[in-house]
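Below is one structure, written out as C-alpha cells; comments come after it.
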Amino acid sequence: MATENPRPKLTQSSPSLMASNDELIKYYSEMLLIRRFEERVGQLYGMGLIGGFLHLYVGQEAVVVGVENAISRQDPMITSYRCHGHMLARGEEIGRVLSELAGKASGSSKGKGGSMHMFSPENGFYGGHGIVGAQVPIGTGIALSLKYRRLSNVCFTFLGDGAANQGQVYESYNMAALWKLPIVYIIENNQYGMGTSTARAAAQTEFFRHGEGLGIPGIQCDGMNVLAVRDSALEAASFVRAGNGPMIIEMNTYRYRGHSISDPAKYRPKEEVKEVRETRDPISQLEQVISERGILKAENLKEIDQKIRLDVRNAAEIAREAEQPASSELYTDVYATQAITDD
Amino acid sequence: MIDISVRQALNEAMAEEMRRDDDVFLMGEEVGEYDGAYKVTQGLLSEFGPRRVIDTPITEAGFAGVGVGAAFMGLKPIVEFMTFNFALQAMDHLINSAAKTRYMSGGRVTCPIVFRGPNGSAARVAAQHSQDFSSWFAQVPGLKVLAPYSASDAKGLLKAAIRDPDPVIFLENELLYGKRFKLEEEIIEPEAIGVAKILRPGSDVTIISFSRGVEWCLEAAITLDQSGTSCEVIDLRSLRPLDMKTIVKSVKKTNRLLIVDEGWPSMSIAAEIAFRVQDEAFDYLDAPVMRVTSKEVPLPYAANLEEMALPNENKIINAIGSMK
C-alpha cells in the first residue's frame with residue numbers, strides 16, 4: 001500500500017495564466033475589496049474606532065484571492081494574525097469583519113477576538129492566530145481530520161517568511177510528509193519578518209526548499225500575480241488531492257505597510273516600496289490586463305471601485321453605530337456551558 | 001467485586017469511548033506499537049488500528065497543535081504526553097490555541113480535546129522529570145483540569161473528559177498506575193466533572209488533596225484516628241472547576257483545614273484553596289489553614305533529599321499534630 005514519495009519537485013510554477021473575462025473581473029474586484037477595506041481600516045485606527053494590534057494585508061491581496069479561486073470552501077484555510085484579507089476572500093460579510101475590528105457585538109467573534117483572532121468556520125476558515133507559527137501545526141491537524149474522515153479536501157495553511165523558521169513548522173512538515181496529509185503550506189514571503197529581512201533571519205531564503213530534506217515538493221510563485229497564484233494553488237491542490245502528501249508554495253509578495261500599524265518600517269528604503277507599487281502591484285497588473293484586452297473601460301473599472309468604496313464605507317458606519325458587547329458576554333464562550341466565575 | 005488497577009481503568013475508559021464514537025482517537029509518543037511507555041494504551045492499536053491510534057514523532061509542540069487542529073474540525077483527540085514534563089514544549093498550544101479559541105471566536109470554533117499523561121514526581125528521576133503542573137493549568141480560563149486518585153475516578157472522569165466539549169487537562173500519576181482498587185460494580189457512565197468526594201468522613205480536621213496526595217492523606221488519617229484525631233479526607237478530583245461547596249461544608253463542620261499539595265507552595269493549589277476558605281468560611285476556622293507541599297527546590301535525585309523534598313504521610317501527621 002505504501003507508495004514511494006515522488007521525487008521532490010523544486011521549481012518555478014508554470015502558470016497557464018488563462019482566465020475568462022468574468023474571472024478576471026472577479027479576481028480584480030476581490031483584490032480591490034481587500035485593498036480598500038484595509039486602507040479604510042488603517043484610517044479608522046487613526047480615528048480611534050479600532051484598537052490594539054493591527055496588521056494590514058495591503059500589497060499581498062493576490063495571494064489569498066488567487067488561492068481562494070483555486071479551491072472550494074470545503075477546502076479549509078488557516079493563517080496567522082494578518083487575516084482580514086482571508087476573512088473577506090472566504091466570504092465573511094464585510095460588516096461583521098469591520099464590526100469585529102471595532103470590538104462590537106455584531107463582530108465575527110462578538111467583539112471578543114479583534115483583528116488577530118477572526119474565524120469563519122461555516123466558510124472553512126479556522127483563524128486568525130496571534131502566535132507566529134502556531135497555525136501551522138493546527139492546519140496540519142485540520143489536514144489530519146480530513147484524511148481521518150476520508151474526505152478528498154485539502155487544507156491550505158498560510159504562514160509568513162518569519163514563521164517559516166519556527167521549529168513547529170519543521171515538526172509539522174515532518175508529520176505531514178510522514179502521514180501523507182492533504183495539506184498545502186502557503187508561505188507568504190513578504191520579505192520581512194517584522195523588521196528583519198529574510199536574509200537576516202533564514203539560512204535558506206528560498207523557503208520553497210525548506211521541505212526538501214523531507215521529500216516535500218515546493219514551488220516558487222510570483223505572489224503579485226493573481227493568475228500565477230491561482231495556477232500554483234491548482235497544481236498543488238491536484239498533487240495533494242491525489243494522496244501524495246504535502247506541498248509547499250512560496251509566494252513572493254510584498255507588504256506596502258509596516259508589519260503592524262505602529263511600525264514605521266524604517267528598515268527598508270521608501271524607494272523599495274515605491275518600486276514594487278509601481279511595477280508589481282497585483283491590482284494594477286490585473287487592471288492593465290483587463291484594459292488591454294478591452295474587457296472593461298476605465299469608467300467601468302472606476303464604477304467597480306466606487307461600489308467597493310461605498311460598501312466599505314457602509315460597513316464602517318454599521319460598525320461605528322453597532323452596540324458594544326453586553327456585559328453579560330464577559331463570561332460566555334469560556335466553556336460550552338457555564339463559566340467559572342471569580343465571584 | 002472487581003479488582004482493577006488505575007492503568008487498566010484508564011485503558012478501559014479510552015477503549016470504551018473509542019468503541020462508542022469513531023471521532024475519538026488517540027495520539028502520542030509510543031502509544032501504538034510500543035503499547036504505551038507506561039502501558040496505559042496497551043492493546044489499543046491492535047483493536048483500533050493505526051488510523052485511530054497514532055504514534056507520533058517526539059515533537060510535542062507539533063503534535064499538540066495537530067491535536068488542536070483536529071479538534072477544531074470536530075474530532076475528539078486524546079493526546080498523550082509521555083509525561084507532563086514534556087508538555088512544556090507544547091504549552092503554547094495548550095494555553096493559547098486550545099483554551100482560548102472558543103472565547104476568541106465568540107463560540108464559533110471549539111476544541112474538544114483531552115491532553116493526558118502522568119504528572120508530578122515519579123521515583124528518583126530528578127528535577128526535569130518530576131514536577132507537579134496542577135496549578136499551572138488550573139489557573140487558565142477555558143481549560144478543565146482533572147487529577148483523579150482512584151481507579152473508578154480514573155475511568156469515570158477520563159470518560160467524562162473525552163465526552164466534554166472543552167479542552168481537558170487530565171493529570172495522572174505514574175506511581176498510581178499499578179495501584180489496585182476494589183470496585184462494587186463496573187464503571188460504565190462518565191463521572192460528573194467538578195465534584196469533590198469525601199473519602200473518609202471525620203469531625204476534627206479536614207484534609208484536602210488530589211491525585212497521589214490522597215494516598216498519603218488516607219494513610220495519615222488511619223494513624224491519626226488511632227491516636228484520637230478524626231480526619232475528614234476530601235479528594236478534589238477536579239482542580240478546575242474547584243468544588244468549593246464540598247470544601248466549605250466540611251470546614252464548617254471540622255473547623256480545621258490542612259491541604260496536601262505535591263506542587264511547590266508558592267502560588268499553588270494549596271494557596272488558592274486557603275484563600276478561598278478564609279474568604280468563604282473565615283468565622284468557622286478555629287486555627288490557621290495549614291499545608292503540606294513539596295519544598296521550594298528542583299526535585300533532587302539522592303533518595304534522602306528526594307524524601308525531604310516531597311510530602312508524605314508522616315509530614316501530614318506532624319502538621320496536624322502541630323495544629324492549634
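In what follows, chains are A, B, ... by sequence order, proteins preceding strands, each numbered from 1.
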Heavy-atom pairs under 4.5 Å with chain A are the metric here; pick the option from [options] that has the most.
{"options": "B:V66, B:V109, B:I54", "answer": "B:V66"}
{"options": "B:R108, B:M73, B:M104", "answer": "B:R108"}
{"options": "B:T56, B:T101, B:V68, B:D164", "answer": "B:T56"}

According to the interplanar angle, ranging from 0 to 90°, do the rings of A:H55 and A:F53 count as parallel (below 30°), tilted (30 to 60°) or perpendicular (above 60°)? tilted

May I ask you to decide if the ring planes of B:F84 and B:F137 are parallel, tilted or perpendicular, using 30° and 60° as cut-offs? perpendicular

Is it the backbone or the side chain of [X] that comes under 4.5 Å from a heavy atom of chain A, or both, or neither?
{"X": "B:S105", "result": "both"}
{"X": "B:D23", "result": "both"}
{"X": "B:D279", "result": "neither"}
{"X": "B:E60", "result": "backbone"}

Would A:K110 and A:D333 pass as an ion pair if we require N to O under 4.0 Å?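 Yes, charged N to carboxylate O under 4.0 Å.
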
With a 4.0 Å cut-off on N to O distance, would you call A:R82 and A:E188 a salt bridge? no

Considering only heavy atoms, which portion of [X] lies under 4.5 Å from any heavy atom of chain B: side chain, backbone, both, or neither?
{"X": "A:L178", "result": "side chain"}
{"X": "A:P325", "result": "neither"}
{"X": "A:I78", "result": "neither"}
{"X": "A:I183", "result": "neither"}
{"X": "A:E329", "result": "backbone"}

Assess the pair B:F115 and B:F81: is the distance between their ring centroids shorter than 6.0 Å?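 Yes, close enough.
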
Going through the distances and angles, do B:R52 and B:E17 end up as a salt bridge (Lys or Arg N to Asp or Glu O under 4.0 Å)? CA-CA 12 Å; B:R52 300 184 65 198; B:E17 293 305 302; over 6 Å; no

Which of the residues [options] is involved in the greatest number of heavy-atom pairs with chain B at under 4.5 angstrom?
{"options": "A:G113, A:G139, A:S145, A:G167", "result": "A:S145"}
{"options": "A:G133, A:P121, A:G111, A:G128", "result": "A:P121"}
{"options": "A:E100, A:M118, A:E122", "result": "A:E122"}

Those residues at least two apart in sequence (or on a different chain) that pass side chain to side chain contact (heavy atoms under 4.5 Å, CB included) with A:S172 are A:V136, A:P137, A:T140, A:Y185

Does the cation-pi check pass for B:R51 over A:Y148, that is, NZ or CZ under 6.0 Å from the six-membered ring centre and within 45° of its axis? yes

Determine whether A:M116 and A:H129 make a side-chain contact, defined as any pair of heavy atoms from C-beta on separated by less than 4.5 Å.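 In short, these two side chains do not touch, never coming nearer than 4.5 Å.
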
Shortest non-hydrogen contact from A:I142 to B:G69? CG1-O, 3.6 Å

